[in-house]
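Everything below concerns the one structure shown next.
All chains are named by letter (A, B, ...) in the order of the sequence lines, taking the proteins before the strands, and each is independently numbered beginning at 1.
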Amino acid sequence: ARRRDSPNCTVRRLMVKVRDLGLGFDSDEIVPFKYCSGSCHRIRSNYDLTLATLLQEKAIKPGPLGHVASHPCCRPTRYEAVSFMNVHNTWQTVEKLSAAECKCIG
Amino acid sequence: ARRRDSPNCTVRRLMVKVRDLGLGFDSDEIVPFKYCSGSCHRIRSNYDLTLATLLQEKAIKPGPLGHVASHPCCRPTRYEAVSFMNVHNTWQTVEKLSAAECKCIG
Amino acid sequence: LLCRAGGLLALPRDCIAAEKICLMDPACNATYQALENCSLDKTRFLPLSLDARTRCRDAKLDLRSSPLLHCKCHRRMRRQKHCLRIYWTVHSSFTHGYFNLETSPYEDPANEEPWKIDYNKLAALVSGSHLAGDSANPCLKATHFCSLNKKCVHLRTYYASSCTKGAESGGTCDQHKCHKRLRQFFEKVPEDFTKRLLFCPCQDELCGERRRKTIVPECSFQDSIKPNCLLLLDSCIKDHICKSRLADFQQNCQPAGMSPDGCSQHNHAACLQAYMGMIGTAMTPNYVGNSSTEVSLWCTCKNSGNQQEECDQIRSMFISNKCLKNTIQSQMHLSQATLEGQE
């Protein structure tokens, strides 16, 4: 069973107003947004272990936006589009909006 | 020219004592450790932009170890091994220790 | 030639199974091959010689003891097209009129839908969630329900994205693909969702326009010039799926003047399903505008020459069909009642 504290990389689902996607679409519809979340610590190489140590020892500074990853990252390997009608009753489709499948990558 | 504040994903180099690699090797040698660091914000999909918005709006909580990546991650796409002699003058080689090439992945 | 099921002789219900049994029997096999030639000549509109007509009639009579005679197809079955081809091979010899297709090839609608959605549970989910807000637009609310069902969301995107592809950049869409995916949507998504999306009760034109645009009219049927309704029927009859949906619609939405509910079959659910079955075929019907619940085919009867009467008959199947009108109205009242029940 998955350890409670850091569940493995998986797809999660959230109902979101189209307007709240932040992509500039004006629609009152709600769409399911699926994203990847979870740990990828189980499959770390020598490189990852070394990098984690050096980060911990502050021999390496991660930089402002955490641009140094000491483990593979949980990312979509397949995407889904989502279609909806906007407030002008025009159909719109957003490609690659939702994660259809997640894996530990890199 | 690369913007100073968030340089793109690239290989960086650090000289490290074998003992400080944290892999349990007992050697006085120093080896070059190459790792990947830098931003991958340039190539974000609709998925990434949406996820960044929802994280910012706290509609999604990133979890303890930041397991939600709203951009591809800067990771090695090729590795290098490193060999050295330990304190007993025995040759040892650590596979996949260093990054030979870095890219934005996922 | 009946197949033994658990000791009881049971008629194979679908035509693919019936065909298998028939082909195993030399006599039935020969009859069936003869009928295949009859229906082939018919589709090529070749005039049957007297001899050929006699052969076809005899083949038809020989089928009386074969399971093929009473076999049917299911709307959501795999290899539906193959099943319908078999059905029309057998039944094309029986249809006299060019227009009246008589019986539907589809199994009774009552026992068709295996899953039943607890719609009220979903309704509570939507009205309870802060997301839905207090939208007064029933058609919009129907999309909120749809978004809670994975198949509804996925197949709605599937048809909408392919029906709008190409059209945004001023090009033309792929109508064949659009039709296929519209049919998939109405076949695979539970009816509780499709009915609410298509027959939502609107009080204003904004809602009416959303309802009219649900099946992407610009791609699913609209064209620069309205075709004659006879042309629409012609291309429908040549396609087994469209022909079957039309037969189903004629059977289940047959108006009956004296009947209180306006329908000869007294089965609004079957009529609704048959109407939705027409969507994604050459005879795709839709609302005529955003301020009425009238539905029609996208065709005209101008310049019908001596076939004016047949043309009017085709057009009135939708635009002035009392059974269909009552069916749509009753579904909208049902939806309205459900919405009011949730507020």
For the residue pair [X] and [Y], what are the closest heavy atoms and their distance?
X	Y	answer
A/Arg19	A/Asp26	NH2-OD1, 2.7 Å
A/Glu29	A/Met85	OE2-N, 2.9 Å
B/Arg75	A/Ala69	NH1-O, 2.7 Å

Query - Between CG on residue A/Asn8 and SG on residue A/Cys74, distance to nearest 0.5 Å - result: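 Rounded to the nearest 0.5 Å, the CG-SG separation comes to 9.0 Å.
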**Report entry** Contact leader toward chain A among B/Thr77, B/Val16, B/Ile60, where contacts are heavy-atom pairs under 4.5 Å
**Finding:**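 Going by pairs under 4.5 Å, I would pick B/Ile60.
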Query - Salt bridge A/Lys17-A/Asp28, side-chain N to carboxylate O under 4.0 Å - result: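 Judged by the 4.0 Å cut-off on N to carboxylate O distance, A/Lys17 and A/Asp28 do not form a salt bridge.
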**Report entry** Close contacts, residues 45-54 of chain B versus chain A, judged by heavy atoms under 4.5 Å
**Finding:**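 Expected list: B/Ser45, B/Asn46, B/Tyr47, B/Asp48, B/Leu49, B/Thr50, B/Leu51, B/Thr53, B/Leu54.
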Report task. Spell out the residues in residues 90-106 of chain B that have some non-hydrogen atom less than 4.5 Å away from a non-hydrogen atom of chain A, in order of number; otherwise answer 'none'. Result ->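 From residues 90-106 of chain B, the residues near chain A are B/Val94, B/Glu95, B/Lys96, B/Leu97, B/Ser98, B/Ala99, B/Ile105, B/Gly106.
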Report task. Taking A/Ser27 for its side chain and A/Val87 for its backbone only, find out whether a donor-acceptor pair lies under 3.5 Å. Result ->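 Looks like no, no N/O pair under 3.5 Å.
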Query raised in the report: Relative to chain A, which segment of B/Leu23 carries a heavy atom at a distance below 4.5 Å: side chain, backbone, both, or neither?
Result: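 When you check distances to chain A, only side chain atoms of B/Leu23 fall under 4.5 Å.
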Report task. Please name all residues satisfying side chain to side chain contact (heavy atoms under 4.5 Å, CB included) with A/Arg13, sequence neighbours left out, ordered by chain then number. Result ->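 Expected list: A/Met15, A/Pro32, A/Lys34, C/Lys150.
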Report task. Pick one of side chain, backbone, both or neither for A/Tyr35, based on which atoms fall under 4.5 Å of a heavy atom in chain B. Result ->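 Both parts, backbone and side chain.
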**Report entry** Listed partners of A/Ser37 passing side-chain hydrogen bond (donor to acceptor under 3.5 Å, both in side chains), at least two apart
**Finding:**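 Per chain and number, A/Ser37 pairs via side-chain hydrogen bond (donor to acceptor under 3.5 Å, both in side chains) with A/Arg12.
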